[in-house]
Each structure stands twice: as structure tokens, then as C-alpha cells.
Engineer: 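Before we start, here is the structure in question, set down as C-alpha cells.
Note that the numbering runs from 1 along the sequence shown for the chain. Owing to the predicted nature of the structure, the values given are computational and were not obtained by experimental measurement.
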Amino acid sequence: MDTEAQHTERGPSSDTDPDRESDTGEGPRSARVSGDSAASDEPDGAPSWRRTLLVGAACVAFLLLVSHFVAQPFLIPSRSMEPTLQVGDRILVNKLAYRFGDEPRRGDVVVFDGTGSFVREEPEDDPVGGLLRDGAAALGLAEPAETDFVKRVVGTGGDRVVCCDEDGRLTVNGTVVVERYLVPGDQPSAVPFDIVVPPDRLWVMGDHRSQSSDSRDHLGSPGGGMVPVDKVVGRADWIAWPFGRWSGVAGTDAFDAVPAPPTGGHPTGPAVPGTGSRG
């Protein structure tokens with residue numbers, strides 16, 4: 001009797017009866033886990049290649065929008081702005097600096113489109129290649145277009161810029177400008193000039209005068225080397241790369257004492273002396 005009772009108590013166990021499991025419509029736990037794993041192509045938390053591609057495309061689109069409207073990276077390709085900017089520096093150009101009515105001032109380091117003033121306008125030979133290059137340049141990954149330049153503003157509309165006085169110094173509106181930003185040993189200019197900047201134009205020069213091709217080289221060209229204000233892309237405000245040079249682009253007080261041009265204009269007009277050539 002005791003043996004039958006014990007057998008009767010063990011028999012109804014539903015935890016180990018395969019028939020009861022099939023009655024409920026549920027398979028063994030191990031089978032369910034394996035089925036869930038097989039339904040997923042990738043481990044939990046691993047992004048698919050489509051998601052990665054979409055995120056990457058969104059990041060690039062965002063950077064291009066910022067570059068177009070706010071701040072554009074610009075790779076320095078030459079020595080013309082030494083020591084302020086070095087070859088290989090990546091600067092951030094503030095495109096909002098002159099967006100709301102403000103205009104470039106003497107001493108500002110600006111990036112501008114030299115088409116029509118520094119270079120002749122030429123049609124793009126390879127539209128696709130040009131688009132790719134412009135996109136890479138907008139992200140600071142390639143050299144800028146051949147029509148883009150970075151220089152320092154020395155004269156604005158109405159200013160008379162002369163070089164050099166009897167002591168070899170640059171003057172603006174009759175006031176001597178002490179240019180401490182120049183490369184040590186460089187003179188303000190090896191080529192003499194005496195010009196009056198027309199309205200809405202800029203006279204620009206590099207800080208490494210002996211290595212800079214700037215407004216002086218285009219005195220005899222249409223426009224006389226003057227850059228239209230509306231061709232300015234923005235002001236160079238920050239050095240973003242390399243990290244060892246991460247800083248703002250240093251300002252200058254060299255032009256603080258320069259007076260505004262006379263209301264009636266300067267008594268003598270611009271002179272166009274012989275031009276020189278620098279690398």
C-alpha cells in the first residue's frame with residue numbers, strides 16, 4: 001500500500017511530463033531560446049551596416065551644413081601667412097563674422113574668393129571632380145580651391161596705403177603701422193606702392209611678405225589687386241589642428257592708431273608703380 005501511494009504522488013508531476021508540455025503548445029525552454037537566437041541575424045546591440053551608413057551620411061551632411069553657413073575648415077597650403085599660420089594648419093573660418101552688417105577691418109585675417117581679382121575666372125573642366133574636391137575642402141580634408149586665399153586686411157575702402165616711407169615702414173592714412181606679426185627679417189615690401197583703396201574693396205597682404213603673392217602682385221591687373229568685400233568668405237578665428245597649435249588666431253593692435261580716411265578723399269590718387277614677383 002505504501003508503495004502504490006508513493007507512485008501515485010510522483011506520477012502527476014507536470015514539470016517532467018513531455019505530454020503535458022505538448023498540450024500547452026509550448027516547447028522546451030532550450031528550444032525556445034534557440035529559436036529566438038536564430039531569428040536574429042546579428043548579436044543584440046550590434047549596429048547593422050545600413051544604420052552605420054545612415055549615421056555616417058547624416059554626420060557628413062551636418063558637417064557640410066555647418067561648413068556652408070557657420071564655420072568652414074580651411075587647410076593652409078603655403079608659407080604666405082607665417083608665422084601667424086603654418087603650412088598644414090587647419091583653421092576655422094567664421095562665416096558669421098560679416099554676415100550681419102559688419103565688414104572686414106584692418107588687421108583681420110580673412111579667407112576670400114580671388115576670382116576676378118587674384119585669378120581669372122575659368123570654367124570648371126571636371127564638374128564631378130570639382131564637386132568632390134570642394135566637398136573635401138569644405139571638411140578641411142583637402143587643399144582649398146585655387147581661387148581661395150587667406151591674407152591679412154591692411155587697407156579698407158578709402159584708405160591710402162603707402163610703402164615704404166623713408167624708414168622703410170608701411171603707412172596707412174599717413175600713420176606708421178608697426179607690423180609685429182611679420183616674419184622676423186622681412187621688410188614690409190620689396191616693391192614700392194602708393195594706392196587708395198576704392199569703396200567696398202580691400203587691400204590684403206600676407207604676413208610673410210617675401211613669400212606672399214598678394215595685392216602687390218596685381219597692381220597692374222583689372223581691379224588693381226583690390227578684393228571686393230562681397231568676395232570675403234569669412235574671418236579666420238581659430239587654429240583647430242594640429243592640437244599643439246590649438247588656439248585662436250591672434251589679433252593685432254597695429255592699426256589702432258590709424259585714423260579714418262578723410263571725408264573728401266585723399267588729395268592724391270592711387271599710383272601704380274612697377275610690380276614685382278614673389279613665390
Engineer: Could you pull out all residues at least two apart from Asp102 that satisfy side-chain contact (heavy atoms from CB on, under 4.5 Å)?
Structural biologist: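 Only Arg105 meet the side-chain contact (heavy atoms from CB on, under 4.5 Å) criterion with Asp102.
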
Engineer: Using 4.0 Å as the upper bound for N to carboxylate O, is an ion pair formed by Glu179 and Arg209?
Structural biologist: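 A salt bridge links Arg209 with Glu179.
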
Engineer: Any donor-acceptor pair under 3.5 Å linking the side chain of Ser221 with the backbone of Leu219?
Structural biologist: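 No; zero donor-acceptor contacts below 3.5 Å.
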
Engineer: Would you sort out whether Val162 and Leu170 count as a side-chain contact (heavy atoms from CB on, under 4.5 Å), showing the intermediate values?
Structural biologist: CA-CA 6 Å; Val162 179; Leu170 180 84; over 6 Å; no

Engineer: Go through it in stages, so that I can follow the logic: the residues are His266 and Asn173, the test is side-chain hydrogen bond (donor to acceptor under 3.5 Å, both in side chains), and I'd like the CA-CA distance, side-chain angles, deciding distance and then a yes or no.
Structural biologist: CA-CA 8 Å; His266 292 277; Asn173 297 336; 3.0 Å; yes

Engineer: Please determine whether a side-chain nitrogen of the Lys or Arg among Asp108 and Arg152 lies less than 4.0 Å from a carboxylate oxygen of the Asp or Glu.
Structural biologist: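 No, this pair does not count.
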
Engineer: Check whether the ring centres of Trp203 and Phe193 lie less than 6.0 Å apart, and answer yes or no.
Structural biologist: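 Yes, the ring centres sit under 6.0 Å apart.
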
Engineer: Counting distance only, does the side-chain N/O of Arg99 pair as donor-acceptor with the main-chain N or O of Lys95 below 3.5 Å?
Structural biologist: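 Yes, Arg99 side chain to Lys95 backbone: donor-acceptor pair under 3.5 Å.
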
Engineer: Considering non-hydrogen atoms only, spot the tightest contact between Asp148 and Asp113 and give its length.
Structural biologist: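 Asp148 and Asp113 have their closest heavy atoms at OD1-CA, 3.9 Å.
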
Engineer: Measure the shortest side-chain to side-chain distance between Asp194 and Arg160 over non-hydrogen atoms and say whether it is less than 4.5 angstrom.
Structural biologist: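 Asp194 reaches Arg160 side chain to side chain.
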
Engineer: What's the verdict on side-chain contact (heavy atoms from CB on, under 4.5 Å) for Val177 and Phe255, showing C-alpha distance, side-chain angles and the deciding distance?
Structural biologist: CA-CA 6 Å; Val177 177; Phe255 300 89; 3.9 Å; yes

Engineer: Mind running side-chain contact (heavy atoms from CB on, under 4.5 Å) on Asp253 and Arg180 for me, showing each step along the way?
Structural biologist: CA-CA 9 Å; Asp253 59 359; Arg180 298 185 180 88; 4.0 Å; yes

Engineer: Where the side chain of Ser80 meets the backbone of Ser212, is there a donor-acceptor pair that is under 3.5 Å apart?
Structural biologist: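 No, Ser80 side chain to Ser212 backbone: no donor-acceptor pair under 3.5 Å.
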
